[in-house]
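The structure appears right after this line, and notes come after that.
Chain letters run A, B, ... following the sequence lines, proteins first and then strands; every chain starts at 1.
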Amino acid sequence: MHDQPIERLATTRSRRLPAAGLASTAVIVLATIAAVPLLETYQIRVINDVLIYALLASALNIVIGYAGLLDLGFVAFFAIGAYSYALLDSPFFGVHLPFIAALALGAAFGAGAGILLGIPVLRLRGDYLAIVTLGFGEIIRILLNNVDALTNGPKGIMRLYTPELFGWTLSTPQDFYFLLLGLVAIVFTLVYRLEKSVLGLAWAAIREDQDAARGIGINTTFAKLCAFSTSASIGGLAGVIFAAYQRFVSPESFTFDVSLLIALIVVAGGIGNLVGVLVGAIILVVLPEALRGYDQYRMLIYGIVLVLIIMARPRGIVPRRYGIEWALRMLGWK
Amino acid sequence: MSFAFDNVSKNFGAVVAIREVSLTFEPGRIYSIIGPNGAGKSTLINMAAGSYSVTSGDILLDGRRLTALKKYQISRAGIARTYQNIRLFDHMTALENLEVCLYREQIGHVVAEILLPARSRALKADRTARSMEALRRFGLEAYGEQPATSLPYGSQKLLEIARAIMTQPKVLMLDEPAAGLNMSETAELREKLVAMRSDGLIMIVIEHDMNLVMSISDHIYVLHQGRTLAEGSAADIQSNKDVQEAYLGSAGELDEIKRSVVGRQNRVRIRLDAGVVRHRSRGVSR
């Protein structure tokens, strides 16, 4: 045990660091956040997309990363949230609900749909679950396309009202940037706390060995329904914001590609890791925009980069063990 | 408290694994179930834990029919088990493997745990303290932060027992706890098992290590071909003629074993020949 004093020295020194480390990182982070509204509108729109996908991916991460259930139809909950806003805040039915109520209802409808989907399919695992959820995503899209009386079919619903939150009218991309940023902070905190809760432990146990988890008294059906409904409610919330932001919804926005992109962000970013989800959302959303100069080669390059990422880092760009605690430590916090 | 198998039978298709077995258990005692391979020992545990359904009969805990319950309800009723092949939550730490057992107690507070930092800290502290205590009890405290799969084999076996105990069971069933352990690990296991004997707990051990069985058991059930062949104290069982025969096999049985081995060799040869024929015929069809 010769090197123990040195080790102790190192820890005391790193304990003295936080003040400086914290201050400098706080300044950098705040400066970045404050600088964004000064960017061009197009760039802010891309950043808003990153934030929306970060929300969606953090939600899907609960199902895929924590509970270990592959859901390929996540866009359904996003669509349900978006259409909730479209129906509750547009001239289509002439309803005009406060934005906060629409947010709550969108989340609630999402959660309800998550439970409705969950009850019949949670006996399935792995590939079978993936296929059924994929089908669910398609069913919702096809319904939106065909139930004209309720959704106006492929034409979509236009002229959604401008949302207002506690006297703050959200009309520009800048406004939505701040709203999304706040929501990402709240949702990430809640998801992180979920992961560390006893329910998060139960999800991990189910992911490892479902049968043994039942053997220690975990009601696996209930725990999985919790995963499905919480993630679906966040999906619904993101949908409400998306609709309010676009002020237009149509079934075209909710194709299988969206489900796939969300799942890819989780898997390529870092499965079960919120830091990975954020990094994944940034890379996978910004990359195709950054490649716009390459015209017809754009998607080819995007595809190749994705394959290379997965080959080089099969556990994701930021693997599970480099989680939030690790990031905070690196920033001189904790 | 009482725990009993009441006239239980189990068929797998046409194979009868358990035939009308009735066993009773009393708290504060260590029971062993022994018998040759295929006697149906693990099947009994699997039925009690809800992994297998029973074909007929009942398994009763304090008069409650476990056969009517789901697996997690059986655990909550007070049945805990370990597995013949270790089934820990491999990539969770040793500590988390135990903490998760408090799910049943704490899940009701999960909303508070997520929304209220103070409640969250209190619940987490409670989980950690109780799990650390259990780790210490099994001499595993040094492994707390390590993934379960990285522990030495013997420690994994102990951790699995610790996990079972964390659910605060009335009945603890251990499926071959000493299998794969060396002599010193087995000695440590024996010490822990004897220390776990308490007034409130029924312990049922399935084991092939006869030294261990004979030294810890208060009562032994011998299973043979799905039936109870004998029961009694260690001394009763050791001197029982039927048991000796079941274990060593009579001369007639030995002959039968030899015949089956020769038969299997022949079958292998036949299958090889068939493979060649199939291979050739495929060649022709091309």
Check: Is Arg76(B) reaching over with its side chain to a backbone N or O of Gly217(A), donor-acceptor style, under 3.5 angstrom?
Finding: yes
Margin query: Would you say CD of Gln146(B) has more than 12 non-hydrogen atoms from neighbouring residues, nucleotides or ligands within 6.0 angstrom?
Written below: yes
Item checked: Minimum side-chain heavy-atom gap Arg127(B)-Leu201(A) below 4.5 Å -> yes
Item checked: Contact summary for Asp211(A) and Tyr83(B), nearest pair of heavy atoms -> O-OH, 4.1 Å
Notebook entry, point to check: In terms of heavy-atom contacts, does CZ of Phe222(A) have more than 12 from other residues, nucleotides or ligands at under 6.0 Å?
Noted result: no
Notebook entry, point to check: Among Thr189(A), Leu190(A), Ile216(A), Thr220(A), who wins on heavy-atom pairs under 4.5 Å with chain B?
Noted result: Ile216(A)
Note to self: Heavy-atom pairs under 4.5 Å with chain B - which of Ala213(A), Ala212(A), Ala223(A) has more of them than the others?
What the structure shows: Ala212(A)
Margin query: Counting heavy-atom pairs closer than 4.5 Å to chain A, which one of Leu123(B), Val110(B), Val100(B) comes out on top?
Written below: Val100(B)
Checklist line | For the student: nearest non-hydrogen atoms of Ser120(B) and Arg193(A), plus distance | finding: CB-NH2, 3.2 Å
Check: Leu102(B) versus chain A, heavy atoms under 4.5 Å apart: side chain, backbone, both or neither?
Finding: backbone
Note to self: Between Leu88(B), Ile107(B), Leu115(B), who has the most heavy-atom pairs with chain A when the cutoff is under 4.5 Å?
What the structure shows: Ile107(B)
Note to self: The test is side chain to side chain contact (heavy atoms under 4.5 Å, CB included); show your working for Tyr72(B) and Ile218(A) and say whether it passes.
What the structure shows: CA-CA 6 Å; Tyr72(B) 77 91; Ile218(A) 294 172; 5.8 Å; no
Checklist line | Option that, when pairs with chain A are counted at under 4.5 Å, heavy atom only, ranks first among Arg104(B), Met166(B), Arg87(B) | finding: Arg87(B)
Next item on the list: Using non-hydrogen atoms and a 4.5 Å limit, figure out which bit of Arg81(B) sits close to chain A: side chain, backbone, both or neither.
Entry: neither
Notebook entry, point to check: Considering residues, nucleotides and ligands other than Tyr322(A), do more than 12 of their heavy atoms fall under 6.0 Å from its OH?
Noted result: no
Notebook entry, point to check: Any sub-3.5 Å donor-acceptor pair from Glu113(B)'s side-chain atoms to Val198(A)'s backbone N or O?
Noted result: yes
Notebook entry, point to check: Does CZ in Phe12(B) sit with more than 12 non-hydrogen atoms of other residues, nucleotides or ligands closer than 6.0 Å?
Noted result: yes
Checklist line | For His91(B), the option from Arg321(A), Glu208(A), Arg320(A) that meets side chain to side chain donor-acceptor pair (under 3.5 Å) | finding: Glu208(A)
Margin query: With a sphere of 6.0 Å drawn around CZ of Arg130(B), does it hold more than 12 non-hydrogen atoms of other residues, nucleotides or ligands?
Written below: yes
Next item on the list: Considering only heavy atoms and a distance below 4.5 Å, find which of Gly50(B), Ser75(B), Ala80(B) pairs most often with chain A.
Entry: Ser75(B)
Note to self: So for Lys124(B), is it side chain, backbone, both, or neither that comes closer than 4.5 Å to the heavy atoms of chain A?
What the structure shows: neither
Checklist line | Structural part of Pro169(B) lying under 4.5 Å from a heavy atom of chain A | finding: neither
Item checked: Value rounded to 0.5 Å, distance of CD1 in Ile114(B) from CG in Leu199(A) -> 6.5 Å
